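First up is the structure itself, then whatever we jot down about it.
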Amino acid sequence: MPAPDNATPSPVVTVQIAVASLDATIDLALERAGAGPADIDAVFMTGGTSYVPAVRQLFAGRFGAAKLRFGDAFSSVAAGLALVAADRVR
């Protein structure tokens with residue numbers, strides 16, 4: 001029996017949609033920068049999403065696994081947010 005039209009997508013489909021959206025966003029960022037993957041020296045992966053294998057595969061496929069750098073996924077995000085907040089208070 002087919003699922004109703006308003007059925008919630010499976011987690012796999014949800015991740016696939018999110019990765020496709022991220023892929024399109026990378027295209028847009030590169031286009032706006034007038035750059036291509038070969039122009040990127042390193043990609044810093046941080047945040048919880050950096051642990052998602054499909055996200056890592058996307059970035060490795062686009063830029064090369066050797067260009068990927070990883071930091072403390074959770075405290076680096078908090079530190080970055082603190083810097084933005086401090087800058088806005090000034």
Side-chain angles (χ1 to χ4, degrees):
M1 171 181 228
D5 290 340
N6 64 351
T8 302
S10 74
V12 171
V13 170
T14 301
V15 169
Q16 290 170 337
I17 292 168
V19 170
S21 177
L22 182 56
D23 193 34
T25 302
I26 293 168
D27 285 338
L28 181 60
L30 289 172
E31 179 183 322
R32 287 183 177 176
D39 299 314
I40 305 301
D41 295 326
V43 177
F44 186 73
M45 305 285 294
T46 191
T49 306
S50 68
Y51 283 107
V52 176
V55 171
R56 286 186 181 208
Q57 290 169 0
L58 169 66
F59 280 92
R62 293 293 295 267
F63 301 103
K67 292 183 180 181
L68 301 185
R69 306 288 184 269
F70 300 92
D72 184 346
F74 300 104
S75 66
S76 62
V77 172
L81 290 171
L83 290 172
V84 170
D87 188 53
R88 289 186 180 176
V89 170
R90 290 183 201 167

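Remember, it's a predicted structure, so these values are computed and weren't measured experimentally. Sequential numbering from 1 along the given sequence is applied to the chain's residues.
Here salt bridge (charged side-chain N to carboxylate O under 4.0 Å, His left out) pairs that include residues 46-75, with residues two or more places apart or in two chains, are D23-R62, D27-R62. Here salt bridge (charged side-chain N to carboxylate O under 4.0 Å, His left out) pairs that include residues 31-53, with residues two or more places apart or in two chains, number zero.
When hydrophobic residues (I, L, V, M, F, W, Y) are linked wherever their side-chain heavy atoms come within less than 4.5 Å, F44 remains an isolated member. Cluster partners of L58, by chain and number: V15, V19, L22, I26, L30, I40, V43, M45, V52, V55, F59, F63, L68, F70. The rule joins Ile, Leu, Val, Met, Phe, Trp and Tyr whenever side-chain heavy atoms lie under 4.5 Å apart. Annotation for V13: hydrophobic cluster partners, listed by chain and number, are I17 (ILVMFWY side-chain heavy atoms under 4.5 Å, direct or chained).
In terms of the side chain to side chain contact (heavy atoms under 4.5 Å, CB included) criterion, residue partners of T14 (sequence neighbours excluded) are, by chain and number, P9. A73 is linked by a side chain to side chain contact (heavy atoms under 4.5 Å, CB included) to S50, Y51, counting only residues two or more places apart in sequence or in another chain. For T49, the side chain to side chain donor-acceptor pair (under 3.5 Å) test picks out no residue, with sequence neighbours left out.
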Just list the side-chain donor-acceptor pairs under 3.5 Å for residues 82-90, sequence neighbours left out, or say none.
none

